[in-house]
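Position 1 is the first residue of the sequence, and the numbers go up from there. All values derive from a computational prediction rather than experimental measurement.
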Amino acid sequence: EALSKSDKQRMDGPIQDKFDQEVLGRMLVELAEAEGGINRKERSFLSKFVTEEDNMVDHFSLKQSISRAELQETSVKARNTIFMMATAMVLIDQDISAPEKSRLVQYAQMFDFGTDKTNELIFEAKLYVLEMALHEMGTEREQVLEFADTIKLDHEEAERFAVRYRKRN
């Protein structure tokens with residue numbers, strides 16, 4: 001495979017619309033603040049989507065929580081990617097808190113995702129986070145499996161993904 005599934009998802013459902021980008025930014029900030037603050041790993045991930053020089057993190061922090069109506073008004077093609085990126089935000093620090101998990105469940109419900117769709121997107125988010133980690137740590141089996149444990153990813157899935165990553169790179 002030339003592309004990972006998460007790359008394919010982002011290409012098939014790009015977040016290009018200004019409203020979609022704002023919703024994603026707000027979701028990411030809400031999730032990062034769910035534990036009471038934004039840690040270093042979350043801030044790094046956020047910076048890919050929300051520019052600090054524009055004080056967008058503060059701007060999004062001041063807004064009301066995202067509503068069902070807002071999520072329903074996002075571009076249909078972008079919804080899966082938006083949820084996948086929000087899930088990746090929760091996984092990025094390898095510590096999923098109860099408030100973060102609760103917010104993700106709410107988002108999935110507001111998007112009208114069924115259980116299968118939600119689980120599929122969570123799985124893709126785990127692979128996306130694993131791929132980011134592989135860029136930093138390499139593909140040594142022991143490290144891959146240790147990382148997989150922290151994001152609750154099946155060892156065989158993680159190892160298979162690492163092999164595919166090596167083949168692509």
Handout entry: side chain to side chain contact (heavy atoms under 4.5 Å, CB included) partners for Val105, two or more places apart
Key = Gln109
Handout entry: side chain to side chain donor-acceptor pair (under 3.5 Å) partners for Thr74, two or more places apart
Key = Arg79
Handout entry: Any Ile122 side-chain heavy atom under 4.5 Å of Thr118 side chain
Key = yes
Fill in the blank from the handout: Looking only at heavy atoms, the pair that brings Ala148 and Ala158 closest together is CB-CB, 3.5 Å
Handout entry: Pairwise distance CZ(Phe123) to CD1(Ile151) - rounded to 0.5 angstrom
Key = 9.5 Å
Problem - Tyr128 and Met132, any side-chain heavy atoms less than 4.5 Å apart - result: yes
Practice task
Answer whether the closest heavy-atom distance between the side chains of Leu134 and Phe147 falls below 4.5 Å.
Solution key: no
Handout entry: Donor + acceptor pair across side chains of Asp20, Ser75 (<3.5 Å)
Key = yes
Fill in the blank from the handout: Contacts of Tyr165 meeting ring-ring contact (aromatic ring centres under 6.0 Å, His included) (sequence neighbours excluded), chain-then-number -> His135
Practice task
Give a yes or no on whether the backbone of Met110 and the side-chain of Gln72 come within a donor-acceptor separation of less than 3.5 Å.
Solution key: yes
Handout entry: Spatial distance of atom CD1 (Ile82) from atom CG (Asp17) [nearest 0.5 Å]
Key = 8.5 Å
Problem - Close side-chain approach of Met137 and Val144, heavy atoms under 4.5 Å - result: yes
Practice task
Using the test ring-ring contact (aromatic ring centres under 6.0 Å, His included), find all partners of Phe111 that sit at least two apart in sequence or belong to another chain.
Solution key: Phe113
Practice task
Any chance you could measure His155, atom NE2, to Arg160, atom CZ, to the nearest 0.5 Å?
Solution key: 14.5 Å
Handout entry: Backbone N/O of Ile96 and side chain of Lys101: donor-acceptor pair under 3.5 Å
Key = no
Practice task
Give a yes or no on this: more than 12 heavy atoms of other residues, nucleotides or ligands lie within 6.0 Å of atom CG of Asp116.
Solution key: no
Handout entry: Steps toward side-chain contact (heavy atoms from CB on, under 4.5 Å) verdict (Leu130, Lys126)
Key = CA-CA 6 Å; Leu130 176 59; Lys126 288 179 180 185; over 6 Å; no
Handout entry: Beyond-backbone contact of Thr87 with Leu121, side-chain heavy atoms, under 4.5 angstrom
Key = no
Exercise for the section: Assess whether side-chain contact (heavy atoms from CB on, under 4.5 Å) is satisfied between Leu71 and Met27, documenting all intermediate values. Expected result: CA-CA 10 Å; Leu71 292 184; Met27 286 174 75; 3.9 Å; yes
Practice task
Would you mind listing every salt bridge (charged side-chain N to carboxylate O under 4.0 Å, His left out) that reaches into residues 132-150, with sequence neighbours excluded?
Solution key: Arg141-Glu159
Practice task
Could you note down all residue pairs passing ring pair (Phe, Tyr, Trp, His ring centres under 6.0 Å) where residues 87-107 supplies at least one of them, sequence neighbours left out?
Solution key: none
Fill in the blank from the handout: Sorted by chain and number, sequence neighbours left out, side chain to side chain donor-acceptor pair (under 3.5 Å) with Ser97 holds for Glu100
Practice task
Could you note down all residue pairs passing salt bridge (charged side-chain N to carboxylate O under 4.0 Å, His left out) where residues 64-76 supplies at least one of them, sequence neighbours left out?
Solution key: Arg26-Glu70, Arg68-Asp112
Handout entry: Cation-pi geometry met for Arg168 and Phe161 (6.0 Å, 45°)
Key = yes
Completion exercise
All heavy atoms of Arg103 vs all of Ile66, minimum pair found to be NH2-N, 4.4 Å
Problem - Check against salt bridge (Lys or Arg N to Asp or Glu O under 4.0 Å), Lys18 and Glu22 - result: CA-CA 6 Å; Lys18 186 173 171 48; Glu22 179 183 329; over 6 Å; no
Problem - Atom of Leu31, atom of Met89 and distance for their closest heavy-atom approach - result: CB-CG, 4.4 Å
Handout entry: Student check: side-chain heavy atoms of Leu127 and Leu153 closer than 4.5 Å
Key = yes
